[in-house]
Structures are given as structure tokens and as C-alpha cells.
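These notes are about the structure you will find just below.
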Amino acid sequence: MKRSKIAGMGFYVPERVVKNEELTRLMDTSDEWIRERTGIEERRYGRKHEETTSTMAAIATRIACERAGIEPEEIDFIVFATLSPDYYFPGCGVLVQRELGITHREAGALDIRNQCSGFVYGLSIADQFVRTGMYKNVLVVGSEMHSMGLDFSTRGRNVTVIFGDGAGAAIVQPSEDPERGILTTRLHSDGTYAEKLSFINPGCHGGYHRNRLDEPVDYGYPPADTYGEIFITPKMLQDGLYYPYMDGQFVFKLAVQKFPEVILEALQDAGLQPSDINLLVPHQANLRISQFVQKRLGLRDDQVWNNIQRYGNTTAASIPIALCEAWEAGKVREGDLVCLAAFGSGFTWASALIRW
Ligand code: ACO
């Protein structure tokens, strides 16, 4: 069975740079707090009401296609990872397909909701499709327009300062060289603490899931024995219950455990050691998490690519943006061993090893 490889990558970040200083005018925070706790100095926000998750993904994809030497209409299958889709449904997969003008053939599109590990999950899906010979050109794209869904008051500061907008795309194709390409992918999940990092409204939970872990919350739902249940109640709007929620310290503790675990698992699977890694591209959750993982694996600074300082956490887009940026900077050369690793909401965590 042939391996698959990343044949071309592209990324797009909006022009508008939002420095920490700008956020201090909206909420009670400081440049010092944000830098110290997260490493973030600035992030990008898309042009409201003009740019969307799918339009940014289309720009990144066009670049990836050009570098892979294909036209967008040659894409057989789309795997789209995002937690900030344009619509509740349909998913962004078909929207980017339309944006790219892929209409004349029987392409398929799949949306995945694996948040920060969405890109690595997507890459694994693409790898399986390509290796079995089902598809030749699979697009894996991660894109996020976080700035449209954050709480810019002091109430939301622990989450809002972390996130940024952007998109990254990869074209996955069969590899002609049996030694090169995706060596392995490892995927994991555990829903026990699903609500610890979540965006639960609008949803049909009716208060059930969230209440398993926290104090009961009154969402203002109509009585259970009435028909015409609604996803968004006036009370949710009034109380700001339609924003992401994060128990930061809980997430931090699990992240620093799962990142090294899933990387070592992939290395073991491929019969390799941490010292064999030429470049680790971790999901850009928090610079402190990446530094912890680097130390744990005994890697030098030049073996890890971090760009959270400039883009914040772009969730499903963070790995393809970082990988593409590293490649553009000449940090990914033929024959290099590249390791991707992610941890995020769900919780889900994943890794991939690629011989470039
Ligand atoms: N500015 C100023 N003060 C703030 C801010 C802010 N933006 N946010 C929170 N605070 C305050 C809190 O209110 C709290 O104040 P108090 O002591 O008076 O109650 C104090 O700072 C400390 O809050 P903590 O949440 O305990 O701060 P912590 O040191 O844990 O840092 C952070 C918060 C950065 C979110 C950290 O927990 C973290 O990085 N967690 C990992 C989660 C993560 O990386 N998430 C990214 C998305 S998920 C993913 O990609 C994996």
C-alpha cells in the first residue's frame, strides 16, 4: 500500500493585527498578563461580515493547490476542520467547495468537529483514503473565525485574549517514495470532561450535559412538556451564555500530560526516538504548554516551531499555519522527520509523524 504525503500547503491570516494593547481598551487585562501566561503578543482578526471561515479556507487552499501542482477542481475529497463554521449547517466543507468552484465532478466533503486536534484527525482521514487508493487529491483544511464569537467584556477575558483568526490547508496525495510521507497517525479522545472546554449553546442539551459537572445553570428553557423547544433563549442572550467556556487550569494540566504521551506513542509506532525529530509542530494552544512539551522531550529550540506569539491560538488552523510557515522559512527539508501534535476540546488529542 502506498504511503500518502503532503504535496502542498498554504495558509492565510487576515491583515488586521490586534495587539494585546488593543484588548486592554475593551476589558480588564494587560499586555503583561497575556504575554506571561500565554506568550501571545498579537493575533489577527478577519474583516467582519466580509471574511468567513470558508472564505479564508479557500484562500489557503488555492495556495496549497498551486504548490501541489493541481487546480482546485482536481480535489477529490475535502476534509474541513473548524469550531467556528459559517453556518450551524450545512458545514464548511461544501461552502469551501463552492467557493473554489468545484462543481463539475463527484467530489465529497466531510466536516469534522475535533477543535484543536481537527487538522491532525483530518490528516489521518486523508491518509487512509489515499493509502487505500480511494482518492488522489484530498484537501485537509482547518480554518477559524474566532473573532465573531468571543466575549469582549471582562467576563470573557480568560478565553478571548487567547484566540485568533486564520486558515491553513494541505493537499494530500499518494507518495511515489515508499520511505517518505505520513508514517503514522495516532488519534485519541475522552468525553469525560467534555464541558471543561466547550461552546454549548446553541445546542439541544436542555441543560443536561453542562449540569453533570457544574452547578445547575438556568438557561431559560420553556417547560419540558411543551413543544417548540428553542436553541437560543432570551435568557441565554441576556446572561451571555452563548460564548466559549474554558477551565484553563484543568485544560493546561491535561494538555501537558497528553501532548508528550501521544508524541511518544507515534514515535514508538514508527520505531523512532524524540532525538530523531527534526521539527515538532505542536498545536499553538499556549506557549507555556509548547515549552513544557519541548523540555519533556529534550528538544532544542530550533526543533520546535512556535508562532502563537503572532497569531494567538487559531484552533484547527494552528498546525497547518505553523507547518506551512515553517516550510516557507526553509525549516522543513526533504527527508526531515516532522511531528505534529495536538490536544483540545473533547478532549481529543492526536499526533502524526511525517518523513518529508
Ligand atoms: N487578563 C487579566 N487577568 C485575567 C485574564 C486576562 N485575560 N484572564 C483571567 N484572569 C485572571 C483570573 O480572573 C484570575 O484572577 P483571580 O486570581 O483574581 O481569580 C487570575 O487571572 C488567574 O486566573 P487563572 O485562570 O488561574 O490563570 P492561569 O494562570 O491558569 O492562566 C490560562 C489562564 C492562560 C487560560 C491558562 O490556564 C492556560 O493556558 N490554560 C490552558 C488552556 C489553553 O491553553 N487553552 C487554549 C485553548 S484550548 C487548547 O487549545 C488546548
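These numbers come from the heavy atoms of this one structure, side chains and all, not from hydrogens, waters or symmetry mates.
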Applying side-chain contact (heavy atoms from CB on, under 4.5 Å) to Phe119 and His283, what does each step give before you reach the verdict?
CA-CA 9 Å; Phe119 183 81; His283 160 56; over 6 Å; no

So, using side-chain contact (heavy atoms from CB on, under 4.5 Å) as the criterion, who are the partners of Arg113 when residues are at least two apart?
Gln115

For the backbone of Leu241 and the side chain of Asn201, can you confirm whether one donor and one acceptor N or O come within less than 3.5 Å of each other?
yes

What I'd like to find out is whether the side chain of Pro320 reaches to under 4.5 Å of the side chain of Val141, using heavy atoms alone.
no

Could you work out, with ring-ring contact (aromatic ring centres under 6.0 Å, His included) as the rule, every residue matching Phe77, not counting sequence neighbours?
Phe129, Tyr135

If you look only at pairs with a residue in residues 251-265, which of them pass as a side chain to side chain donor-acceptor pair (under 3.5 Å), with sequence neighbours excluded?
Arg186-Glu265, His188-Glu265, Lys258-Glu261

The side-chain contact (heavy atoms from CB on, under 4.5 Å) partners of Asn137 (sequence neighbours excluded) come to Ile70, Glu74, Asp76, Ile171, Gln173

Mind checking whether Pro72 and Arg62 have side chains closer than 4.5 Å, heavy atoms only?
yes

Glu21 CD to Arg25 CZ distance, which is reported to the nearest 0.5 Å:
5.5 Å

List in chain and number order the residues that pass side chain to side chain donor-acceptor pair (under 3.5 Å) with Glu144, two or more places apart in sequence or in another chain; answer none if no residue qualifies.
Thr82, Ser84

Pairwise side-chain contact, Leu183 with Leu272, heavy-atom cut-off 4.5 Å (strictly under):
yes

Any sub-3.5 Å donor-acceptor pair from Asn313's side-chain atoms to Phe163's backbone N or O?
no

Report the distance from atom CD of Gln284 to atom CG of Asn306, rounding to the nearest 0.5 Å.
4.5 Å

To the nearest 0.5 Å, atom CD of Gln303 lies from atom CG of Asn278 at 7.5 Å

Ser4 and Asp127: side-chain donor and acceptor closer than 3.5 Å?
yes

Taking only residues at least two apart or on different chains, which pairs with a member in residues 34-44 satisfy side chain to side chain donor-acceptor pair (under 3.5 Å)?
Lys19-Glu42, Asn20-Arg43, Asp31-Arg35

Single-linkage hydrophobic cluster Phe252~Val159, side-chain heavy atoms < 4.5 angstrom:
yes

Using atom types as modelled, flag every donor-acceptor pair under 3.5 Å from a side chain in residues 324-331 to any protein atom, sequence neighbours excluded.
unit_1: Glu325; atom_1: OE1; unit_2: Trp305; atom_2: NE1; d: 3.2
unit_1: Glu325; atom_1: OE1; unit_2: Asn307; atom_2: ND2; d: 3.2
unit_1: Glu325; atom_1: OE1; unit_2: Arg310; atom_2: NH2; d: 3.1
unit_1: Glu325; atom_1: OE2; unit_2: Arg310; atom_2: NH1; d: 2.8
unit_1: Glu325; atom_1: OE2; unit_2: Tyr311; atom_2: OH; d: 2.8
unit_1: Glu328; atom_1: OE2; unit_2: Arg67; atom_2: NH1; d: 3.0
unit_1: Glu328; atom_1: OE2; unit_2: Arg67; atom_2: NH2; d: 3.0
unit_1: Lys331; atom_1: NZ; unit_2: Asp302; atom_2: O; d: 2.7

Would you say the side-chain atoms of Ser351 pair up with the backbone N or O of Val262, donor to acceptor, closer than 3.5 Å?
yes

For a quick check under 3.5 Å, do Ser153 and Asp151 share a side-chain donor-acceptor pair by atom type?
yes

Only counting residues at least two apart or in another chain, list the ones meeting ring-ring contact (aromatic ring centres under 6.0 Å, His included) with Tyr12.
none

Over all heavy atoms of both residues, which pair between Leu353 and Ala270 is shortest? Give the atoms and the distance, please.
CD1-CB, 3.8 Å

Are Ile63 and Val172 linked, directly or through other ILVMFWY residues, by side chains that come within less than 4.5 angstrom of each other?
no

CG of Leu337 to CG of Leu280: how many Å apart, nearest 0.5 Å?
10.0 Å

Steps toward side-chain contact (heavy atoms from CB on, under 4.5 Å) verdict (Arg180, Lys5):
CA-CA 7 Å; Arg180 283 170 48 200; Lys5 64 171 184 187; over 6 Å; no

If you look at every heavy atom in Leu95 and Pro90, which pair is closest and at what distance?
CD1-O, 4.5 Å

Mind checking whether Asn286 and Ile162 have side chains closer than 4.5 Å, heavy atoms only?
no

Going by the side chain to side chain contact (heavy atoms under 4.5 Å, CB included) test, name the single residue among Val79, Leu123, Leu110, Ile125 that passes it with Val138.
Val79

With Glu32, which residues qualify under salt bridge (charged side-chain N to carboxylate O under 4.0 Å, His left out), at least two apart?
none

Shortest non-hydrogen contact from Ala266 toward Thr184:
O-CG2, 3.6 Å

Which pair of non-hydrogen atoms, one from Ile75 and one from Ile78, has the smallest distance, and what is that distance?
CG2-CG1, 4.0 Å

Quick one, Ser143 and Phe80 - any side-chain contact, counting heavy atoms below 4.5 Å?
yes

If the condition is ring-ring contact (aromatic ring centres under 6.0 Å, His included), which residues does Phe152 pass it with, not counting sequence neighbours?
Tyr45

Rounded to the nearest 0.5 Å, the CE atom of Met9 sits from the CD atom of Glu66 at a distance of 15.0 Å

Can you check whether Phe231 reaches Cys204 side chain to side chain, under 4.5 Å on heavy atoms?
yes

Are Tyr87 and Tyr242 co-members of a hydrophobic cluster defined by side-chain heavy atoms under 4.5 Å apart?
no

Whether Arg16 and Glu22 form a salt bridge (side-chain N of Lys/Arg under 4.0 Å from carboxylate O of Asp/Glu) is what I want to check.
yes

Treating Lys235 as the side-chain partner and Asp218 as the backbone partner, does any N or O pair qualify as donor plus acceptor under 3.5 Å?
yes

Pairwise salt bridge (Lys or Arg N to Asp or Glu O under 4.0 Å) hits with a residue in residues 344-356, at least two apart:
none

Please verify the inter-ring angle class for Tyr221 with Tyr219; under 30° counts as parallel, over 60° as perpendicular, anything in between as tilted.
tilted

Treating Asp111 as the side-chain partner and Gly93 as the backbone partner, does any N or O pair qualify as donor plus acceptor under 3.5 Å?
yes

Counting the benzene-type ring for Trp, do Phe259 and Phe292 have ring centres under 6.0 Å apart?
no

Locate the shortest heavy-atom distance separating Phe11 from Ile321; write the atom from each residue and the value.
CD1-CG2, 3.6 Å

Worked verdict on Thr160 versus Leu26 for side-chain contact (heavy atoms from CB on, under 4.5 Å):
CA-CA 11 Å; Thr160 300; Leu26 303 169; over 6 Å; no

Side chain of Asp190, backbone of Thr192: donor and acceptor closer than 3.5 Å?
yes

Not counting sequence neighbours, which residues clear side-chain contact (heavy atoms from CB on, under 4.5 Å) with Ala350? List them please.
Ser117, Val120, Tyr121, Leu187

For the side chain of Thr154 and the backbone of Asp28, is there at least one donor-acceptor N/O pair under 3.5 Å apart?
yes

Locate the shortest heavy-atom distance separating Cys339 from Ile277; write the atom from each residue and the value.
CB-CD1, 4.0 Å

Taking the side chain as everything from C-beta on, heavy atoms only, tell me whether Met27 gets closer than 4.5 Å to Val161.
yes

Close side-chain approach of Gln294 and Ser290, heavy atoms under 4.5 Å
no

